Amino acid sequence: MQEAKILSLANLTGKTLLQSGAETSRVESCIQQICKHFGLRAQTFVSITCIITSAKNKEGNSLCSVERVTSISNNLHRIDQIHDILLHLEEYDTSRLEKTIYKIRNTQVHKTSTLVTSYFFAAFFFCLLFKGGFQDAIMSGIGGILIFYLSLFTKKLRVNPFFFNTLGGFSCTLTAYLWYKLHILNSVSYASIGTIMLLVPGLALTNAIRDLVAGDLLSGISRACEALLIGTALATGAGFALFLLFQLEMM
């Protein structure tokens, strides 16, 4: 049935936006705009784990589509691509829109080498931002590369985000301490902070505030809790590493 396919495609587009880090209001607006373009009157409910859309066709028959969302990341390029589609939606039929959305979902935006370089320099400049020295920044950048490969490894194992962030906080602190014991660094703090900043949930916290201001209380509170849990996981990992190192020093 063509109308069911349109509704499913609209939900898939919204899911792509949500998984790329878009706020709830943008996802809802996108789904409703696509449905309206193809002659459906839609009402949609979006949370960070689920998208539910109900629509009526011209005859008044109702359809419903549900998309489960299991992971959210940061991919502003995908959000920009879908935004461009919505601006020129009159140029798309169902077939072309479907091909474009699947192409966006399946295309890797950046090469691995580009991502590794980005992780290195992001951690490098975060360390400098927190008054670390040049040597601290270099070691922090190396820690950033470690975080990148750690994220790839945990994705393959399908590890939940709380464990990944706990492991990330633990690894950052342990790596910085290793540089310190090798007399490469004078302090553990700057290098570990620069690397840990890569894992801080800035986008989740920003979207939580945007959703709350827009009146999407459920999504806003959920995103705020997500940011709090990630922060707790980072603190737990770093704290456990410091505790373990302190115990080893005392032996």
Side-chain angles (χ1 to χ4, degrees), residues 1-111 114-115 118 201-224 226-227:
M1 185 178 178
Q2 184 70 6
E3 291 165 340
K5 183 179 179 180
I6 291 168
L7 184 58
S8 179
L9 181 58
N11 258 14
L12 181 65
T13 307
K15 180 180 179 179
T16 306
L17 276 176
L18 192 63
Q19 287 180 319
S20 301
E23 65 275 18
T24 302
S25 57
R26 185 191 296 268
V27 177
E28 291 179 347
S29 175
C30 166
I31 294 172
Q32 290 173 352
Q33 190 174 342
I34 292 173
C35 288
K36 183 179 179 181
H37 173 69
F38 290 106
L40 297 176
R41 291 178 290 125
Q43 293 290 332
T44 182
F45 172 78
V46 177
S47 70
I48 63 172
T49 57
C50 184
I51 299 174
I52 303 172
T53 305
S54 175
K56 288 186 178 181
N57 59 17
K58 294 178 182 179
E59 288 75 31
N61 298 320
S62 296
L63 305 100
C64 186
S65 177
V66 178
E67 285 283 354
R68 183 78 168 87
V69 181
T70 55
S71 63
I72 293 178
S73 61
N74 302 335
N75 195 325
L76 300 183
H77 181 66
R78 278 185 181 173
I79 296 175
D80 179 65
Q81 285 180 304
I82 293 177
H83 180 66
D84 186 65
I85 290 172
L86 296 177
L87 290 176
H88 305 92
L89 195 56
E90 67 280 354
E91 301 174 7
Y92 288 83
D93 58 14
T94 311
S95 178
R96 185 186 174 191
L97 181 61
E98 183 178 26
K99 289 178 182 177
T100 306
I101 295 301
Y102 276 106
K103 183 179 178 181
I104 290 172
R105 288 182 61 84
N106 296 327
T107 301
Q108 184 178 358
V109 180
H110 300 294
K111 297 178 180 178
T114 305
L115 292 171
S118 300
L203 186 61
L205 190 57
T206 302
N207 281 342
I209 296 170
R210 292 187 67 173
D211 285 341
L212 288 170
V213 170
D216 297 313
L217 300 182
L218 180 61
S219 293
I221 292 170
S222 298
R223 288 185 190 273
E226 177 191 14

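As a basis for the values below, the full set of heavy atoms in this structure was taken, side chains included, without hydrogen atoms, waters or symmetry mates. Please read these numbers as outputs of a predicted model, since none were measured by experiment. Heads up: numbering here begins at 1 and tracks the sequence.
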Measure the spacing between [atom1] of [X] and [atom2] of [Y] and express it to the nearest 0.5 Å.
X	Y	atom1	atom2	answer
Ser219	Glu226	OG	CD	11.0 Å
Thr107	Arg78	OG1	CZ	8.0 Å
His77	Ser20	NE2	OG	10.5 Å
Asp80	Asp84	CG	CG	6.5 Å
Ile82	Arg26	CD1	CZ	10.0 Å
Thr24	Phe45	OG1	CZ	8.5 Å

### Message
Using the rule given for side-chain contact (heavy atoms from CB on, under 4.5 Å), can you reason through Leu63 versus Ser54, listing the C-alpha separation, both sets of side-chain angles and the distance that settles it, and then say yes or no?
### Response
CA-CA 6 Å; Leu63 305 100; Ser54 175; over 6 Å; no
Does a side-chain heavy-atom distance below 4.5 Å link [X] with [Y]?
X	Y	result
Ile85	Ile104	yes
Leu97	Phe38	yes
Ile31	Ser29	no
Lys5	Glu98	yes
Gln43	Lys56	no
Thr53	Cys64	no

Is a side-chain N or O of [X] found less than 3.5 angstrom from the main chain of [Y], in a donor-acceptor match?
X	Y	answer
Arg41	Lys36	no
Asp216	Gly220	no
His37	Glu90	no
Asn207	Gly21	yes

Any chance the side chains of [X] and [Y] put a donor and an acceptor closer than 3.5 Å?
X	Y	result
Gln19	Arg105	yes
Thr94	Gln2	yes
Asn11	Glu67	no

### Task
Could you tell me whether Arg223 and Glu23 make a salt bridge, using a distance below 4.0 angstrom between a side-chain N and a carboxylate O?
no
What pair of heavy atoms forms the shortest contact from [X] to [Y], and how long is it?
X	Y	value
Ile48	Ser222	CD1-CB, 3.7 Å
Ser65	Ser8	OG-CA, 3.9 Å
Leu40	Ala55	CB-CB, 4.2 Å
Cys50	Ile52	SG-CG1, 3.7 Å
Ile79	Ala22	CD1-N, 3.6 Å
Cys30	Thr13	SG-CG2, 3.6 Å

### Query
side-chain contact (heavy atoms from CB on, under 4.5 Å) between Cys35 and Leu7: does it pass, once the steps are laid out?
CA-CA 7 Å; Cys35 288; Leu7 184 58; 3.9 Å; yes
### Task
Under the side-chain contact (heavy atoms from CB on, under 4.5 Å) rule, what do Ile34 and Leu86 come out as? Steps first, then yes or no, please.
CA-CA 8 Å; Ile34 292 173; Leu86 296 177; 4.0 Å; yes
#### Entry: Glu28 and its side-chain contact (heavy atoms from CB on, under 4.5 Å) partner, picked from Leu18, Val46, Leu17
Val46
### Task
Run the numbers on Leu212 and Leu217 for side-chain contact (heavy atoms from CB on, under 4.5 Å), then give the verdict.
CA-CA 5 Å; Leu212 288 170; Leu217 300 182; 4.1 Å; yes
